[in-house]
Amino acid sequence: QVRLVESGGGLVQAGGSLRLSCAASGRTFSGYAMGWFRQAPGKEREFVAAITWSGGSTNYADSVKGRFTISGDNAKKTVYLQMNSLKPEDTAVYYCAANSRGVTMRGTAWWNYWGQGTQVTVSS
């Protein structure tokens, strides 16, 4: 049973930074990809960033390129999302996701497993 637990969300002023963590458990994740998605009120869930478990490949949404960085610690089975220069439009519930295909695709249908989400609120 794969379990993904997010942490690190909170309230931050525009221009500030937050680091989200996703602790994965339940199996070996070799060959998997890990990702972050977000969902704002009244909007569909959207792709933010993804990384292969080996760390060899990353993918970012255009809206976060240059501001967010995804990384992973294999020993800790944890994936991070460093978010800098936050904007009010980054406000959303952020979800960690995993897929067994090992692809960093943007569509939600590619992703097998999801965490419960953590709220990020950016004030102007």
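Bear in mind that the values here come from a model prediction, so they are computed numbers and not experimental data.
When all heavy atoms of Ala40 and Ala92 are compared, the pair lying nearest together is N-CB, 3.8 Å.
Side-chain atoms of Arg38 and Tyr94 include a donor-acceptor pair closer than 3.5 Å. Checked by atom type, the side-chain pair Ser17/Asn84 shows a donor-acceptor distance below 3.5 Å.
Residue Val93 is grouped with residue Phe47 when hydrophobic side chains (ILVMFWY) are merged at heavy-atom distances under 4.5 angstrom, including chains of intermediate members. Follow the hydrophobic side-chain contacts under 4.5 Å out from Trp111 and you never reach Leu4; the two are in separate clusters. The cluster map of Ile, Leu, Val, Met, Phe, Trp and Tyr, joined by side-chain heavy atoms under 4.5 Å apart, puts Tyr60 and Tyr80 in different clusters. One hydrophobic cluster, built from ILVMFWY side chains closer than 4.5 Å, holds both Leu20 and Trp53. Hydrophobic clustering (side-chain heavy atoms under 4.5 Å, transitive across Ile, Leu, Val, Met, Phe, Trp, Tyr) groups Met34 together with Leu18.
Remark: the backbone N or O of Thr91 is not paired with any side-chain donor or acceptor of Thr121 at under 3.5 angstrom. A donor-acceptor contact shorter than 3.5 Å links the side chain of Asn99 to the backbone of Val103. Using a distance-only test at 3.5 Å, with no hydrogens or angles considered, no donor-acceptor pair links the side chain of Gln82 to the main chain of Arg19. Arg101 places a side-chain N or O within donor-acceptor distance of the main-chain N or O of Trp110, the cut-off being under 3.5 Å. With Glu6 contributing its side chain and Thr118 its backbone, the two residues share no donor-acceptor pair below 3.5 Å.
Using a cut-off of 4.0 Å between Lys/Arg side-chain N and Asp/Glu carboxylate O, Asp90 and Lys87 are scored as not salt-bridged.
Ile70 CD1 to Thr58 OG1: the interatomic distance, rounded to the nearest 0.5 Å, is 8.0 Å. Here Ser57 contributes atom OG and Ile51 contributes atom CD1; the two are 8.5 Å apart, rounded to the nearest 0.5 Å. Here the straight-line distance linking atom SG of Cys96 with atom CD of Gln116 works out to 11.5 Å at 0.5 Å rounding.
Taking the six-membered ring where the residue is Trp, Tyr95 and Trp114 present perpendicular rings, their angle passing 60° and hence far from 30°.
For Arg45 and Phe37, the positive end is not near the middle of the six-membered ring at less than 6.0 Å and at most 45° from its axis.
The number of heavy-atom neighbours closer than 6.0 Å to NZ of Lys76, taken from other residues, nucleotides and ligands shown, is 12 or below.
Between Thr69 and Met83, the closest side-chain pair of non-hydrogen atoms is not below 4.5 Å.
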List the steps, then state whether side-chain contact (heavy atoms from CB on, under 4.5 Å) holds for Phe29 with Val2. CA-CA 9 Å; Phe29 290 91; Val2 172; 3.9 Å; yes
Check the pair Arg3 / Tyr113 against side-chain contact (heavy atoms from CB on, under 4.5 Å), numbers first and verdict last. CA-CA 8 Å; Arg3 186 165 183 241; Tyr113 306 102; over 6 Å; no
Give the C-alpha distance, both sets of side-chain angles, the deciding distance and a yes or no for side-chain contact (heavy atoms from CB on, under 4.5 Å) between Thr52 and Thr104. CA-CA 7 Å; Thr52 53; Thr104 57; 4.0 Å; yes
Candidate pair Phe68 and Val48, rule side-chain contact (heavy atoms from CB on, under 4.5 Å), full reasoning: CA-CA 9 Å; Phe68 291 11; Val48 176; 3.7 Å; yes
